[in-house]
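One-based numbering, in listed order, for ligands and for the atoms of each.
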Amino acid sequence: MVPVRFLLLIPLIALLNGYGVEARIRRYKWEVKNEFKSPDCYRKMVITINGRTPGPTIRAQQNDTIIVEVTNSLFTENIAIHWHGIRQIGTPWFDGSEGITQCPILPGTTFKYQFVVDRPGTYVYHAHYGMQRDSGLYGSIIVGLPDGESEPFAYDYDRNIILNDWYHNSTTEQAVGLSKVPFQWIGEPQSLLIHGRGRFNCSSLSVPSSDPGLCNTTNPDCFPFRLIVVPGKTYRLRVSSLTSLSALSFQIEGHKLTVVEADGHYVEPFVVQNLFIYSGETYSVLVKADQDPTTNYWITSNIVSRPAPNTPGQGVLVYYPNHPRRSPLTIPPAAPVWNDSRPRMAQSQAIKARRGYIHTPPAVSDRVIVFLNTQNELNGRRRWSVNNVSFTHPLTPYLIALKHNLTHAFDQNPPPDGYDFLNYDIYERHPNANTTSSNGIYRLNFNSIVDVILQNANTMNPKNSETHPWHLHGHDFWVLGYGEGKFDMFNDPNKYNLVNPIMKNTVPVHPFGWTALRFKADNPGAWSFHCHIESHLFMGMGVVFAEGIEKVGKLPSSIMGCGQTQGL
Ligand code: C2O
Ligand code: CU
C-alpha cells in the first residue's frame, strides 16, 4: 500500500508548508557492496555505496521527502542504515536502527527508506548493524533552507568534510576480540581519515609485504583531501565526525574557525583555533581565506582524550591558483595535549543557541534519570554498562514488539533510573560485581519532560576515565550543563542554563564529569540512546526509550522478518 500513501503525501506537504514552496521528492538508488579500497594507502575490504566510501551526499531542502532504495549486495552480511539527526517524525520505522526499529536488510534484498527532512542543517547517515560503520558505510545529509530563506550568517561557498578514524582489521575481527574471554582490546585506529582519505606510513608495517599493492602511498585512493579556496572568500565548512573510537581536534593552519551551527542548530558565533569534535557530532564553521595566498596550509585532525600514537589526519587548504599537489612547507600544527580535558570542557560549555533562534526549554522536568557510565567484567567478559546494566539487543525489534504487544520479546523489567549516588566513588576502580545484562527499556510518558544526567566514572584501569559521545535517536535535547566530578542533585540543577541552551542530538560526557540534558518525549516510537563509539555500544553502552507507542501508525511489513515478527 506504500504507493497510495506516497501519492497522498505530496499535496499534503505542499499544504503544510504554507508558503507555496513545493517540497520535493529526492530519490536515491544505492547498492551496498564489499570492495577492496585503500583509503589510507593500506588495502582493506570495505563497504561501499555505489562504489564509494564515504557514500554519496544526500542534498535536499527543508521538508523534502527522501526516498532511498538500498540494495544489500554484500555476500554474507546484513545491513541497516540510520539517518543520524533526522527525527523521523511520523516514520519511526525508518530510523534504521537494527533491532530497535527494524529487522536487518538481508543480503540480496532491497529495502526502501522514506522520510521527511523537516529541518535545515548538517546531518550524517551510517550503518547501524553491529560495528559495520567502521567498514566505511557512511555519508552526509545536507539540508538547505527552502527557496527564498537565508541563514543568519554570510558565506560565499559551502563545503563538507567528514572526519573518521580507520582500522586495518575487519569489523568481525574486532568483534571477536571484544567479546573474547579474556578481553582482547582492538587498540587504537591505524590512521585518521579526512573525507575518506588518510595516510598510513607503509614503511612502519612490522612484516614487509611481498604484495606491492597492499600498502602503497602512490595509490590514488589515498591522495590527501584538498580544499581549494579563492583568496578573500568565506567558506562554510560543514565538519562531521563518524569516528569509531577517537575524539578529535580539527584545525586549519593559520586560520580561525567561527562556529555557527551544531547538529542542525544555529550557534551564537564564537571563534576557535581548533574544533574539538566527537563521534556523531556535526558543526558548521566559517573560514575566511584571508592568509598569505602564495602558500598552502595544513588541515589536520588529531586524537585527543586517548594516549594514541601520533597518526594525524592531514589534508591541504589550497589557495587558488596554487598547485593542488603542493604541500605546505611548514610543519603541521601541533595537537592539543591529549589528556587535558579542560579546553574540551570549555569548548562544550561555549556552545549556546544563537540569539533569535533560541528554543526555550521547559522550566521543570517530570522525570530525572541519572546514567552512571562504568566498565565492568561480567562472567569474565569486559562490558560497558549504564547503572550497572549492560545492554543487549533482542531478536525482535522493540518497535514491533511494543506495537504488537509481544511481551516475551524482551525483558519487561525496566532498568533503574539511577545508581547508589551516596556510596559510589566515581574516582575509584570498581569491579561492579553486581552488574547484569538486560534488554529492558525505559518507558516514557508521552509528551513528558525528561532530564538525563550522564555521569562518568573510572574505567577498569586505575585513574582512567574516557570521553563518551552520547547520541539520542528521534529527538534533539537541550544541553543544560556540564560539570566536573560527581553530579550534585541538590546544587547543580540550580546552575542549569535555561536561558539559551543549544539543542543537539549528540553530546560528550567528559572524563570524570557529568552532562545534563532535557528533552520532550513527543515522538511516538522506540529510540536508541547510546555511546557513539562503535566498540562501546557493542559492549553494552546504550539504553532504549519508548514513548507514545499507541500513536505509532501501522508498521510497514518491510521492517519485519526476524525474531517473533513472522506472520505480522
Ligand atoms: Cu549515529 Cu545510533 O547512531
Ligand atoms: Cu563510550
Side-chain angles (χ1 to χ4, degrees), residues 54-55 79-88 92 94-102 104 122-134 137-141 162-165 178 185-186 240-247 263-264 277-282 304-306 341 371-376 382-386 390-391 393 397-399 454-461 464-477 504-515 525-545:
I79 59 170
I81 300 181
H82 169 53
W83 318 94
H84 176 122
I86 309 300
R87 291 170 297 169
Q88 300 292 354
F94 287 142
D95 184 49
S97 34
E98 184 272 332
I100 313 238
T101 60
Q102 70 167 100
T122 310
Y123 309 98
V124 288
Y125 64 81
H126 60 78
H128 216 296
Y129 178 76
M131 296 192 291
Q132 216 169 46
R133 192 180 84 218
D134 293 8
L137 212 184
Y138 64 90
S140 295
I141 304 173
I162 311 184
L163 305 175
N164 204 3
D165 52 9
L178 294 173
W185 173 233
I186 55 176
S240 320
S241 171
L242 282 176
T243 52
S244 39
L245 175 69
S246 318
D263 295 2
I277 181 166
Y278 308 93
S279 185
E281 287 191 315
T282 67
V304 289
S305 188
R306 294 185 66 89
S341 58
F371 286 135
L372 176 69
N373 292 201
T374 57
Q375 230 179 11
N376 47 73
R382 184 76 62 96
R383 305 277 293 167
W384 283 97
S385 64
V386 175
S390 191
F391 177 73
H393 277 91
Y398 291 105
L399 184 64
L454 295 162
Q455 175 67 60
N456 215 335
N458 207 101
T459 63
M460 293 294 278
N461 304 319
N464 175 252
S465 181
E466 297 187 16
T467 303
H468 305 283
W470 279 81
H471 169 60
L472 178 58
H473 291 219
H475 312 75
D476 292 332
F477 45 71
K504 292 186 99 253
N505 60 58
T506 307
V507 77
V509 57
H510 293 289
F512 296 114
W514 56 264
T515 302
W527 308 105
S528 182
F529 178 51
H530 61 87
C531 175
H532 213 261
I533 293 176
E534 284 284 64
S535 51
H536 291 188
L537 174 58
F538 181 81
M539 292 163 73
M541 202 169 203
V543 299
V544 170
F545 294 126

Considering just N/O/S atoms, say which atom of H468 is closest to the Cu ion (ligand 2). ND1
What protein atoms of element N, O or S are positioned under 2.8 Å from atom 2 (Cu) of ligand 1? H128 NE2, H473 NE2, H530 NE2
Is it the case that the side chain of D95 and the backbone of Q88 share a donor-acceptor pair, with hydrogens and angles ignored and the cut-off at 3.5 Å? no
Could you check whether the rings of H530 and H532 sit parallel, tilted or perpendicular, using 30° and 60° as the cut-offs? parallel
Is it true that the side chains of S241 and S279 contain a donor and an acceptor less than 3.5 Å apart? no
Would you give the angle at the Cu ion (ligand 2) between C531 atom SG and H536 atom ND1, to the nearest 10°? 130°
Using side chain to side chain contact (heavy atoms under 4.5 Å, CB included), reason through N456 and F512 one step at a time and then give a plain yes or no. CA-CA 5 Å; N456 215 335; F512 296 114; 5.7 Å; no
Can you tell me if H532 has an N, O or S atom under 2.8 Å away from the Cu ion (ligand 2)? no
Which residues share a side-chain contact (heavy atoms from CB on, under 4.5 Å) with L472, sequence neighbours left out: H475, F477, F519, F529, F545
With atom 1 (Cu) of ligand 1 as the point of reference, which N/O/S atom of H126 is the closest? NE2
Can you classify the ring geometry of H82 versus H128 as parallel (below 30°), tilted (30 to 60°) or perpendicular (above 60°)? perpendicular
Parallel, tilted or perpendicular: which fits the ring planes of H468 and H536, with parallel below 30° and perpendicular above 60°? tilted
Any side-chain donor paired with an acceptor under 3.5 Å for T467 and S305? yes
